[in-house]
Amino acid sequence: MPDGRFAILDPVAGISGDMLLGALLAAGASPEWLRSLPTRLGFPDVTIDIGPVDRCGVRAIQVIVRLPDGTHEEPAAIAAPHDHDHHDHHHQEHARPSGHGPHRHIGELIAIIERAKLSPWVQERAVQAFELLGQAEGRVHGLPADRVALHEVGAVDALVDVVGGIEGFEQLGVSRVYNRPVAVGSGWVHAAHGTIPVPAPATSILLEGLEIGPNGPVIGEATTPTGAALLRVLSSGAPPARWRAIEAGAWGAGGRNPRSYPNALRLILASAAVEAGEVVLLSTDLDDLSPEYLDPLREALFAAGALDVQVWTTQMKKGRVGFRIEVTAGPAQADQAAAALFRHSTTSGIRRHPAERVTLARREVEVTSADGSAVRVKVLEGPDGPRVKPEYEDVAAVARRTGQPAHEVARDLHNRALRLVSTDKTPPGL
């Protein structure tokens, strides 16, 4: 399924399940796929309205999930006298510890997902999303996670939002998802149990670990519990430092249409961009420096700002064995690196050449080793997916503490890192 593309969610006005569904459709997912989803989940009489709308001059796709009687989840009302021009999406605190009227427990919704014909990739993340929702609402209401109940409209809406919001990426052929900082909103909203602050109590819990952005002009509920749960199970965090947009005009509409800003979620399809930059190559040949002093020389060059140092054996005049030292440095660090090369070696001259260095986008993540230690892992965004390499010093430290061979520790950490950042990454927190 992966083709080198990835998705970036831009929740500058927040995120909810229906906004994500609209953005996925705008990015190319099939409307017929989404309309058929309720039947696959066991709700053949549930219908889905899909259509273009205007959000402050931006064309967006709106998605509404309707029960057989025509009812659908409405945005929560803002507790302010001027709420006609403010914002939130669709959460009305639909979790309840008890109450009257039709409702479904989180455990029942998870069972529906497990029975549905879904790929393992989708099913795993959808179950994880509802487990997170149940845990968050359970902490708020003092209930076991599987006993948290959603009223019927909210339950069906959440099922379609969660499963569709995950399966939509599979429809697009995208398995890597990142997100920019998420807006949560501000103020107070009316809910089933009274007036509550924004973000809602369960949303606050679900936002744990996510980077929060400024709210801008948004008042009311910007991010719903469903939207936060989807970010938790889908996103690997901040996007790579460098990337190239393939499709940047996909917007999913929220339920309200304020005049002052576009109430919509932007989805960007992108690919990794190689990093290019000017560097300076410094090189010299030595035949009168003892090999045992090459490591101190290398350390001194890195301390002077070198990006890379390479050493290899050469044959010099009169058959003498020597060493070629080649240093890569940024233009601003080249003079300092040259001075270090003169000071810490026996060279009498240095060759200097400008060059361009092209690299893959890179970042660093942390994984937990078998003994519970945090280990740094370098991640390169390759054309066919991420490549990972645990930092040698951290691998060696784990090996010393555990008594395990270093190469076995490295292999285990490599596999753990791949699960975290690749198609089969472990959901956050596991």
To the nearest 0.5 Å, atom OG of S16 lies from atom CG of L230 at 9.5 Å

Exercise for review: Test side chain to side chain contact (heavy atoms under 4.5 Å, CB included) on V189 and T195 and set out the steps.
Suggested key: CA-CA 6 Å; V189 294; T195 302; over 6 Å; no

For this session: Might you work through the side chain to side chain contact (heavy atoms under 4.5 Å, CB included) test for R401 and S373, ending with a clear yes or no?
Result: CA-CA 10 Å; R401 284 194 300 271; S373 304; 2.7 Å; yes

Evaluate the criterion side chain to side chain contact (heavy atoms under 4.5 Å, CB included) for residue pair L9 and R180; output intermediate values, then yes/no. CA-CA 6 Å; L9 296 174; R180 287 174 167 172; over 6 Å; no

In plain terms, say whether E221 and R256 are close enough for a salt bridge, that is, a side-chain N and a carboxylate O under 4.0 Å apart. no

Residues V46 and P68: closest non-hydrogen pair is CG2-CD, 4.3 Å

Without swapping roles, check the side chain of E364 against the backbone of K378 for a donor-acceptor pair under 3.5 Å.
no

Minimal heavy-atom distance between A7 and L269, with the atoms involved, is CB-CD2, 4.2 Å

**Asked** So, R266 side chain and P11 main chain: donor-acceptor pair closer than 3.5 Å or not?
**Response** no

I'd like to know if the side chain of R324 reaches the main chain of S283, judged simply by a donor and an acceptor atom lying under 3.5 Å from each other, with no hydrogens or angles considered. no

Residues passing the salt bridge (charged side-chain N to carboxylate O under 4.0 Å, His left out) test with R59, sequence neighbours excluded, are none

Do V177 and F169 have side chains that approach each other closer than 4.5 Å (heavy atoms only, starting at C-beta)?
yes

Q) With distance as the sole test, does R125 use its side chain to make a donor-acceptor pair with the main-chain N or O of V162 at under 3.5 Å? A) no

Side chain proximity check, W243 to I268, heavy atoms < 4.5 angstrom = yes

d(W33 CH2, I48 CD1) to nearest 0.5 Å is 8.0 Å

Does the side chain of M19 reach to within under 4.5 Å of the side chain of T224, using non-hydrogen atoms? no

Check: Quick one: do the R357 and T328 side chains pair a donor with an acceptor below 3.5 Å?
Finding: no

So CD1 of I166 and CD of Q128: to nearest 0.5 Å the spacing works out to 9.5 Å

Q) Looking only at atom types and distance, does a side-chain atom of T402 sit under 3.5 Å from a main-chain N or O of V398, one as donor and one as acceptor? A) yes

Self-check item: Heavy-atom side-chain proximity of L281 to V327 below 4.5 angstrom
Solution: no

Taken in chain and number order and not counting sequence neighbours, the residues that satisfy salt bridge (charged side-chain N to carboxylate O under 4.0 Å, His left out) with D295 are R298

Legend entry - R376 side-chain N/O to P390 backbone N/O, donor-acceptor pair under 3.5 Å: no

Sequence neighbours excluded, the answer for side-chain hydrogen bond (donor to acceptor under 3.5 Å, both in side chains) partners of N179 is S235

So, N215 side chain and A183 main chain: donor-acceptor pair closer than 3.5 Å or not? no

> Would you call E381 and R363 a salt bridge, using N to O less than 4.0 angstrom?
Replying inline: yes

Quiz item: Given side chains that start at C-beta, do those of E131 and V127 come closer than 4.5 Å, heavy atoms only?
Solution: yes

Of all heavy-atom pairs linking Y178 and A238, the shortest is CD2-O, 3.4 Å

Problem - Criterion side chain to side chain contact (heavy atoms under 4.5 Å, CB included) on D10 and L267, from CA distance to verdict - result: CA-CA 6 Å; D10 186 15; L267 188 156; over 6 Å; no

Closest non-hydrogen atoms of V367 and V377, given as atom of the first, atom of the second and distance, are CG2-CG2, 3.7 Å

One should read off an interatomic distance between S369 OG and D394 CG, to the nearest 0.5 angstrom, of 9.0 Å

Exercise for the section: Verify, without hydrogens or angle tests, whether E247 (side chain) and G249 (backbone) share a donor-acceptor contact under 3.5 angstrom. Expected result: yes

S119 meets the side-chain hydrogen bond (donor to acceptor under 3.5 Å, both in side chains) criterion, sequence neighbours left out, with E170

Would you tell me whether W121 and E167 have side-chain atoms, one donor and one acceptor, within less than 3.5 Å of each other? no

Sorted by chain and number, sequence neighbours left out, salt bridge (charged side-chain N to carboxylate O under 4.0 Å, His left out) with R400 holds for none

Any side-chain heavy-atom pair of E326 and W312 under 4.5 Å:
yes

Looking only at heavy atoms, the pair that brings L301 and A337 closest together is CD2-O, 3.6 Å

Q) Should L20 and L234 count as side-chain neighbours, where that means a heavy-atom distance under 4.5 Å? A) yes

Is there a donor-acceptor pair closer than 3.5 Å between any side-chain N or O of R104 and the backbone N or O of E108? no

Subject >> V198 side chain reached by W188 side chain, heavy atoms, under 4.5 Å >> reply: no

Between the CD atom in E73 and the OG1 atom in T226, the distance rounded to the nearest 0.5 Å is 8.5 Å

Sorted by chain and number, sequence neighbours left out, side-chain hydrogen bond (donor to acceptor under 3.5 Å, both in side chains) with Q62 holds for none

Tightest non-hydrogen contact, residues L206 and A136, listed as CG-CB, 3.7 Å

d(L282 CG, I325 CD1) to nearest 0.5 Å is 12.0 Å

